[in-house]
Structure formats: C-alpha cells, structure tokens
Amino acid sequence: MKLDKLAGDRFKEKPSDCVIDSHALMIRGGYMKHMANGIYSQFPPLRRVTAKIENIIREEMDAIGGQEVLFPVALPASLWEQSGRFQSVGNELVRFKDRNQSNMVLGMTHEEAAVHLVREYGNSYTKYPFMIYQIQTKFRDEARPRAGLIRVREFTMKDAYSFHTSQEDLEAYYEKCYHAYERIFARAGLPEVVVVLSDSGMMGGSISHEYMLMTPVGEDSVVLCGECDYRANMEAAESIVEQDQTLAQAPLELVDTPEKHTIEDVCDYLHLPVKNSCKAVVYQRNDDDSYIVLFLRGDLEANETKVKNAVGAKIHAAVITEECGLQAGSIGPYKLEGDYTVLYDNSLKGIANLCCGGNIDGKHYVGLDMQRDLGDVEYGDYAKAVEGGICPCCGKKALRIERGIEIGNIFQLGTKYTKPMNMEYLDKDGNKQVPIMGCYGIGVGRLAASVCEVLHDEYGPIWPITIAPWEVHLCCVRADDEECHAFADKLYGQLMDRRVEVIYDDRSVRAGAMFSDADLLGVPVRVVVSPRNMKEGCVEIVTRDKSVSRKVQLDEAVSAIEELIRELYEDVNARGGVNGR
C-alpha cells in the first residue's frame, strides 16, 4: 500500500472533544471519523486492525469447537417478547415498526436469535453440546457514549452461545472459553488482562466473569485483594467492613438538628464520627414507583445493583414528595411508618449508639441500638466495597479499588432463554428436557481502542504486530534522490513478493512529517531508506517502541526484516500460548 493513496488524513492537533488518549490518537491518525453521537466510520488502518482481531477470535473460537453463524441486525420483537426482555430492557433497545406495522428491534445482543436458530436442531441429546458464534454489528442506544470506541452506540461484537444438557457440562465448557479468552487477549498484545467476578445484569444467569484491562481511564471500578486472588467488579464485590461493637449503649433520644440534611452535616453538628451513624438511601421501582428505603452505615455508599437484585426489579433514585410520607434529610428506621420496602445493610448489624433520622424535619435520634430498638430485622449486603475493606476470600483488610475497561465477558445463563422460548430436547430415556446455555462476548472495536489506550506514547499508538495495520512501514527519505528511490521501490516489491504487509511512504515531504505520520500509524517495524544510509550501504530498521535499532547491509535487508517480524510474532504469541506467525 502506498501511503499517498491511503484514505484518511493525519494531523498534529488534538481534537478538543477527545477525553482519552486512544480516542485522540485514532482521530489524529486517520483511523476513524465521527458520524453521530457514539457512531464512527472506520478508515482502512482501523479496519485492518479490527479484521486481525476478528481473525484471532475466529481461530480461538474454532479451536474450542465453535461454529460461525450470522444473525440479522433487525429482529422481530416477538422473539424478545418470548424471553420477556422486550418489556424489561430499557431505552437502550431500539424498537420500531416496519412498513407492515410489525414490531421490530435492533439487535443489541442475540440470545433470542441464537435460541431461535437452533431450537429445532437441538431436539435430541445426541446433538449436545455445541457452540455457535458470530461477529456482527449491533446497536445499543447508549445514554452517554464516550471515549471514542470505548463506549459507543453502534459496535461490532463477537458473541458466542453454547448449549448443554447438564450444569457440569456447561461448567467444563465455560472453563474452555475462560482460557480461550485469555489467549485472545494475550495474542492481541494484552496479557495483563484481569478476570473478575461480575453481576449478570440484563443477561441473567448465576455466574459471570468480566475481563478487565486495568487503566486509570476505565469507567468500571474493580475490587482487588492485595493478599489473595480475589477480584470482582464493584457491582458484584461483597462489602465486609469492621463493625465497632464496643460503643456503649445509650438511651434513644430525639434531638434537634436544624437545617442539617446530609449525614455529614448532622454528624458534624452532633460531634459524632460519620461511621457512628445510620443513613437512608431511597429508590423507587421503575414499574410502579413504589419506594425502597435502604439503611446503611453513614460512611458507606449504596450499591444500586445489589439493591436492584434484592428487590428483583429495575429501580431509580427516588423523587421524594410531600405525599409519600418520607421526610427528606431526616429518614430513619425507628418508627418509620408507610408502605415501603425497607432494607438493612450488614454494616448496621449488632451496632449500638447510632444517630439516625427522626422522621421529623430537623430532628434526629441519637443512641439508636439496632437490636433493642428495631428487633430482629433481616440484614443483607447492599453497600459498595471500600478501599481497605475486608476481603471475602482471605478475610484480611487488603481490598483496593482500581479502574478498568471491560473488554470481554462470559456468562452461565442456565435456562433463562431456552425455557421461555420453549427449546426442548429428548434425553436418552425419551423425556423432554430444557437445555442450558452459556454466553461469551468480546467487543472488537473496544478491544482495538483499549490496546491503543495502554500501548501508546505521546506520538501515537504502538501496535502489537499481531494486530498492527501493517507489519512494516517503509520510509523513503528524500524521494527526489534517484538511487534512494530506486532501492526503496525494489525493497517494497521484494517485501510484497514475500507477502510481508507493507505501507510504503515515498512522498516528497520532510523527514519529520514522514516520521510523524509513521508514529501515528504505529506500525511495529520501520525501515528507513535515505541518502545517508545508502552511502553507508545499509538501511536502518527500528521498532516503533524503540526497543530495536539496527543497520543492515542492503543485500541483507529483506532477510533481516523478516527475521525481526518473526521475533515480534514469537514474543507476542508466546504470551498467548501459540506458536509462530
């Protein structure tokens, strides 16, 4: 490929609307162009990167028995009605009517389509287990797309679906996918990906894991233990905190707290530590607006996902009205009257001498004893894990919280989709059974952007050779020099004949501009042909990450380039558990 024919421009200025480096570099480098909010077109360099990622994914999915299929983007709403998700999923799902007034949706995920495809095929136990997968465009009407390809509305994703006749078989295959994902990310140049327990969310199922790339720009919080291997997404991480049960009992007393409405203001006014308080966080169910009141220790944050799972409904932050009976800023558990769902966090269990809302404006109680004043209430885990919290695995106060980007996920779905969609098979005794499913997803564009986010310098991406848009960037410095240009043309032809992927820059531009474009394209091997090198009878070969810089004789250039390419492939693939180029 000649660089002067490459569609897309490269430029120095950082776009003002780019909040992270990968977004800015992929715009500056001519990888993609913004079309609409959360929607991008791909120029050839990005398409070449994503095509290589897709090929790695295909190889690893095929290696564990996957069969590639393709589902439609537009789906009849009746499929989603069968599973129950047509009503339960929010505005992220695009619903529309076709010209015949039939209800349709744009696929944001394809569990229903997968069941529909194999419902008749999987009618006998002899067909199991099997796995199908696709690499397809999806649309999710994300409320807040951001950070380029990290969070978008239209995206390409690999989603796989496995079908099994037993939980044991699902778990065995789940383990295969677990390790296949580790190989995919390592081969893409990211062996440091962390696997964490996660909440299944709208996907359903009882067990799920996320593959997180740890980076400060990530939008997910990951809870890690410094003493053991415990790792979980914040949504799923268990909250265990040390409880101060040495507080002396005190009589329950209602006191004035004028104009104090936050737990911090109240505790400051009463000269109490915030952790010696009980605060209320209020939600409402989306379907009927009924109120959910959560009580937890004042220094902790509510985990909305845990609350949602506990009540089995979608929820939102409450709007407290005069008619609802709740006194904003003074809500407490003692003598709380009203038709509310009330939850108590584990952090309050067995604690005496707390301050809490008095359910009267400007009034709070001090001396609250949970057992004495409220009796035997039921406690649960509804709080976010905290830095320095107690690890639920090893029991040590060693939790830390870091940021990460989710680049893949796997779920054990059970019968969430097969049962309501009436997928059945006959077992060996002729009895009807419902198969169970696993689900496995990777966002292709997000993975490309994530690699760029952690593998770049101030000048541009540093692509691993396994997914780089080209393997070699050939620079002919001083294309007006006849000897230099002639040798560069010859070398380009030789490399092309050897099926080496080359981007060739023989433009009549300054060397600085040429190298700046090369940095933005991030190709791992750069070969520089210049009048100075020609006088020395050599070419210069350097790697984008500056780890290798060699001068080789002209007649050895092709073999030296191929040898370096092999070394780079071997280095990446060794971490992915595969051999060779």
Subject >> Side chain Thr543, main chain Ser547, donor-acceptor under 3.5 Å >> reply: yes
Subject >> ring pair (Phe, Tyr, Trp, His ring centres under 6.0 Å): pairs with one or both residues in residues 36-63, sequence neighbours excluded >> reply: His23-Tyr40, His34-Tyr40
**OP:** May I ask you to say whether Arg28 pairs ionically with Asp21, meaning some side-chain N is under 4.0 Å from a carboxylate O?
**Re:** no
Original post:
At what distance, to the nearest 0.5 angstrom, does CD of Glu60 lie from NZ of Lys176?
Top reply: 13.5 Å
**OP:** I would like to know whether Glu59 and Arg187 meet side-chain contact (heavy atoms from CB on, under 4.5 Å); could you show each step before the answer?
**Re:** CA-CA 11 Å; Glu59 290 174 5; Arg187 291 179 62 186; 2.5 Å; yes
Original post:
Is any side-chain heavy atom of Met61 less than 4.5 Å from a side-chain heavy atom of Glu68?
Top reply: no
Original post:
According to the interplanar angle, ranging from 0 to 90°, do the rings of Tyr211 and Phe185 count as parallel (below 30°), tilted (30 to 60°) or perpendicular (above 60°)?
Top reply: tilted
**OP:** Report the residues that fulfil salt bridge (charged side-chain N to carboxylate O under 4.0 Å, His left out) with Glu453, sequence neighbours left out, ordered by chain and then residue number.
**Re:** none
Original post:
Can you tell me how far OG1 of Thr466 sits from CG of Asn55, rounded to the nearest 0.5 angstrom?
Top reply: 11.5 Å
**OP:** Decide whether Ser166 and Asp169 meet the rule of one side-chain donor and one side-chain acceptor closer than 3.5 Å.
**Re:** no
Original post:
Are side-chain heavy atoms of His456 and Ser22 found at a separation under 4.5 Å?
Top reply: no
Original post:
Judged by atom type as modelled, is there a donor-acceptor pair below 3.5 Å linking the side chain of Arg153 to the main-chain atoms of Asp141?
Top reply: no
**OP:** Indicate the atoms forming the closest heavy-atom contact of Gln412 with Gln167, along with that distance.
**Re:** OE1-NE2, 2.8 Å
Original post:
Any donor-acceptor pair under 3.5 Å linking the side chain of Lys306 with the backbone of Ala237?
Top reply: yes
Subject >> Presence of salt bridge, Arg47 and Glu54, under 4.0 angstrom >> reply: yes
Original post:
Does Arg550 come within less than 4.0 Å of Glu563, counting only side-chain N to carboxylate O?
Top reply: no
Original post:
Can you name the ring pair (Phe, Tyr, Trp, His ring centres under 6.0 Å) partners of Tyr121, sequence neighbours left out?
Top reply: Phe130
Original post:
So which heavy atom on Thr418 is nearest to which on Val434, and how close?
Top reply: OG1-CG1, 3.3 Å
Original post:
If you look at every heavy atom in Ser450 and Ile150, which pair is closest and at what distance?
Top reply: OG-CD1, 3.8 Å
Original post:
Partners of Tyr125 by ring pair (Phe, Tyr, Trp, His ring centres under 6.0 Å), sequence neighbours excluded?
Top reply: none
**OP:** Verify whether one side chain among Arg403 and Ser221 offers a donor that lies under 3.5 Å from an acceptor in the other.
**Re:** yes
Subject >> salt bridge (charged side-chain N to carboxylate O under 4.0 Å, His left out) partners of Glu227, counting only residues at least two apart >> reply: Lys396
Original post:
Are His209 and Tyr174 close enough that their ring centres sit under 6.0 Å apart?
Top reply: yes
Original post:
Which pair of non-hydrogen atoms, one from Ala511 and one from Val477, has the smallest distance, and what is that distance?
Top reply: CB-CG1, 4.0 Å
Original post:
Quick one: do the Asp62 and Tyr133 side chains pair a donor with an acceptor below 3.5 Å?
Top reply: yes
**OP:** Identify the two heavy atoms, one from Tyr31 and one from Gly522, that lie closest to each other, and give their separation to 0.1 Å.
**Re:** OH-N, 4.2 Å
Original post:
Is a side-chain N or O of Asp505 found less than 3.5 angstrom from the main chain of His473, in a donor-acceptor match?
Top reply: no
Original post:
Are Glu471 and Arg498 ion-paired here, with the side-chain N under 4.0 Å from a carboxylate O?
Top reply: no
Original post:
Considering only heavy atoms from C-beta outward, does the side chain of Leu6 approach that of Pro44 to under 4.5 Å?
Top reply: yes
**OP:** Mind checking the OG-CE spacing from Ser239 to Met234? Nearest 0.5 Å is all I need.
**Re:** 9.0 Å
Original post:
Can you tell me if Asn533 uses its side chain to pair, donor with acceptor, with the backbone of Val528 under 3.5 Å?
Top reply: yes
**OP:** Check whether any side-chain heavy atom of Phe163 sits under 4.5 Å from a side-chain heavy atom of Val115, and report yes or no.
**Re:** yes
**OP:** Indicate whether the side chain of Tyr161 and that of His110 have a donor and an acceptor atom separated by less than 3.5 Å.
**Re:** no
Original post:
Roughly how far apart are Phe155 CZ and Leu149 CG, rounded to 0.5 Å?
Top reply: 12.0 Å
Original post:
Is there side-chain contact between Ile39 and Phe139, with at least one heavy-atom pair below 4.5 Å?
Top reply: yes
Original post:
Hey, are Glu235 and Asn303 close enough side-chain-wise for a donor-acceptor pair under 3.5 Å?
Top reply: no
**OP:** Kindly compute the distance separating CD1 (Ile401) from CD (Glu387), expressed to the nearest 0.5 Å.
**Re:** 5.5 Å
Original post:
Do Asp506 and Lys2 come close enough that some side-chain heavy atom pair is under 4.5 Å?
Top reply: yes
Subject >> Heavy-atom side-chain proximity of Arg544 to Val523 below 4.5 angstrom >> reply: no
**OP:** Applying salt bridge (charged side-chain N to carboxylate O under 4.0 Å, His left out), name anything that partners Asp517, two or more places apart in sequence or on another chain.
**Re:** Arg10, Arg507
**OP:** Quick one: closest heavy-atom pair of Met32 and Gly148, and the distance?
**Re:** CE-CA, 4.2 Å
Original post:
Salt bridge between Arg146 and Glu219, side-chain N to carboxylate O under 4.0 Å?
Top reply: yes
Subject >> Any side-chain heavy-atom pair of Glu171 and His164 under 4.5 Å >> reply: no
**OP:** Calculate, to the nearest 0.5 Å, the distance between atoms SG and CG belonging to Cys538 and Leu554 respectively.
**Re:** 7.0 Å
